[in-house]
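This report concerns only the one structure given below.
Throughout, protein chains are lettered first and strands after them, A, B, ... in sequence-line order, and every chain is numbered starting at 1. What's counted below: heavy atoms across the whole structure, side chains too, no hydrogens, waters or symmetry copies.
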Protein chains: 2
Amino acid sequence: MTAHTPAQARVIEAALALFAEHGIGGTSLQMIADAIGVTKAAVYHQYNTKDEIVLAVAEVVLAGLEAALASAEASPSPSRAREVLIGGMIDLAVERRRMAGILQRDPVMLRFLEEHEPFRKVMERVNRVVMGGASTPRARVPAAVVASAIAGTVIHPLGRDLSDAALRSELTRQLRKLFGSV
Amino acid sequence: MTAHTPAQARVIEAALALFAEHGIGGTSLQMIADAIGVTKAAVYHQYNTKDEIVLAVAEVVLAGLEAALASAEASPSPSRAREVLIGGMIDLAVERRRMAGILQRDPVMLRFLEEHEPFRKVMERVNRVVMGGASTPRARVPAAVVASAIAGTVIHPLGRDLSDAALRSELTRQLRKLFGSV
DNA sequence: GTCTATAAATCGATAGAC
DNA sequence: GTCTATCGATTTATAGAC
């Protein structure tokens, strides 16, 4: 699913970088076209609206999350599933750094995630695994903390000059404190 | 300092809400004017550029943080200072919810915080208190986790229907795990 | 798949009246 | 402090040639 032509892949890649730097609302199709080195019309030939580009970007970022989610859900125990998922989320976020951060940070993207059913479903699965069993109102807070901490820390100025390996291990160590395992 | 006329206060209040909902880049001066019920020209009479509005909004949000920071820095011990500051940050974030969230989330606002000296100074003081003594690269990660967790959780969909009191106490409980006290 | 050219709307910003 | 009116630039988006 989501088979991209090379031209579409170029649009998505450029959009991802620009969204992270200027925000979705602050990124125009002209900026995307300039970054690729083509005209606006060429971009429109791939995606008919700006929303479609945002959608395609969201799908790419969420695809990695779904992969980690699938292997987590296949785990024998709930605690092991949570361990696998959080580890996968950290890996994804660290690898892409500011790229991944926009997913949970940009106000426009947050709206997208809430309004589009498929995205909501994925986020619900993520939350279910992180929360383990119970889902009382209070039990939902740790899931929000985990998601926020991962997405926020990887793009935080304080972690900018850390290597991927150092950031990953220290972030894992911190999140471990929130649960006991991770 | 930062004495606002009633008209300026209306602009800031409207901008704060719109920035949180649509992002700074996705908010036009026309939208702000419409929200207040005046024309664009009236808004321009208060602030000559969009950047000045962003600046004014940032100052309002940061003013509360500086107050919490001052009382934290007056604490007798570093660990007590951290406890006071994190508590203050939680209070601020919970009270304003999505309002406060934009400070550390919007890409445009992040740029502002990094480029304007006064804001950088405040953030450096916050980080110093949260990190306690040492400031090795790895020691900076917990500070980033704390800031991200607070700012992200209060606007996370999972915490949307929690009361302020419940959100505050559960968030405090989670952050306590990251340190030992809080 | 990419281009030129263009439409219609909106953008940030200004001038000047009240 | 707010208005009308306007500027020039930029926005999303389309038509049609290559």
Side-chain angles (χ1 to χ4, degrees), chain A residues 2-60 102 106-113 115-116, chain B residues 2-60 102 106-113 115-116:
Chain A
T2 344
H4 299 129
T5 66
Q8 284 175 329
R10 284 192 291 272
V11 170
I12 291 173
E13 189 183 2
L16 192 49
L18 287 166
F19 287 172
E21 191 173 352
H22 304 104
I24 296 175
T27 300
S28 70
L29 295 182
Q30 185 68 68
M31 292 164 72
I32 296 173
D34 288 347
I36 305 173
V38 297
T39 62
K40 261 190 303 181
V43 175
Y44 269 104
H45 185 259
Q46 307 301 329
Y47 297 100
N48 291 321
T49 65
K50 188 180 176 181
D51 270 11
E52 282 182 30
I53 297 178
V54 177
L55 196 71
V57 169
E59 276 172 357
V60 165
I102 69 159
D106 194 291
V108 178
M109 185 61 86
L110 283 173
R111 275 204 158 185
F112 245 81
L113 294 212
E115 287 170 7
H116 289 258
Chain B
T2 340
H4 299 129
T5 66
Q8 285 175 329
R10 283 193 291 272
V11 170
I12 292 174
E13 188 184 0
L16 192 49
L18 288 165
F19 288 172
E21 190 174 353
H22 303 104
I24 296 174
T27 300
S28 70
L29 296 182
Q30 185 67 67
M31 291 163 73
I32 296 173
D34 288 347
I36 304 173
V38 298
T39 61
K40 258 193 304 182
V43 174
Y44 269 104
H45 185 258
Q46 308 300 330
Y47 296 100
N48 291 321
T49 65
K50 188 180 176 179
D51 271 11
E52 281 182 30
I53 298 178
V54 177
L55 197 70
V57 169
E59 275 172 358
V60 166
I102 68 159
D106 194 293
V108 178
M109 186 60 86
L110 282 174
R111 276 202 159 188
F112 244 81
L113 295 211
E115 287 171 5
H116 290 258

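One interatomic measurement links the two molecules: CD1 of A:Ile32 to P of D:dA13, which rounds to 11 Å at whole-angstrom precision. For the pair A:Ile24 CD1 and D:dT12 C1', the interatomic distance rounds to 16 Å; values are reported in whole Å. A straight line from CG of A:Asn48 to C1' of D:dT12 spans 12 Å, rounded to a whole angstrom.
Residues satisfying the side chain to side chain donor-acceptor pair (under 3.5 Å) criterion with B:Asp34, sequence neighbours excluded, are B:Gln30.
Taking OG1 of A:Thr39 as the reference point, atom OH of A:Tyr44 lies at 11.5 Å (rounded to 0.5 Å). The structure places CG of B:Leu16 at 12.5 Å from CD1 of B:Ile53, a figure rounded to the nearest 0.5 Å. If you take CG on A:Leu29 and OH on A:Tyr47, they are separated by 12.5 Å, rounding to the nearest 0.5 Å. One finds the NE2 atom of A:His4 at 13.5 Å from the CZ atom of A:Arg10 (value rounded to the nearest 0.5 Å).
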Extract from the structure each pairing of a protein N or O with an N or O of nucleotides 7-10 of chain D at less than 3.5 Å, listing the distance.
none

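A side chain to side chain contact (heavy atoms under 4.5 Å, CB included) with A:Val54 holds for exactly one of A:Ile24, A:Thr49, A:Thr27; it is A:Ile24.
Where DNA chain C meets chain A (any atom under 4.0 Å from a heavy atom), the bounding nucleotides read 5' to 3' are C:dG1 to C:dT4.
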Stepwise side chain to side chain contact (heavy atoms under 4.5 Å, CB included) test for B:Gln46 and B:Glu52: CA-CA 9 Å; B:Gln46 308 300 330; B:Glu52 281 182 30; over 6 Å; no

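Projected onto DNA chain D by closest heavy-atom contact, B:Gln8 and B:Ala41 fall at different nucleotides, the more 5' of which corresponds to B:Gln8. Comparing A:Lys50 and B:His45 along DNA chain D, the residue whose closest nucleotide (by nearest heavy atom) sits nearer the 5' end is B:His45.
With a 6.0 Å radius and a threshold of 12 heavy atoms from other residues, nucleotides or ligands, A:Glu13 has its CD atom at or below the threshold.
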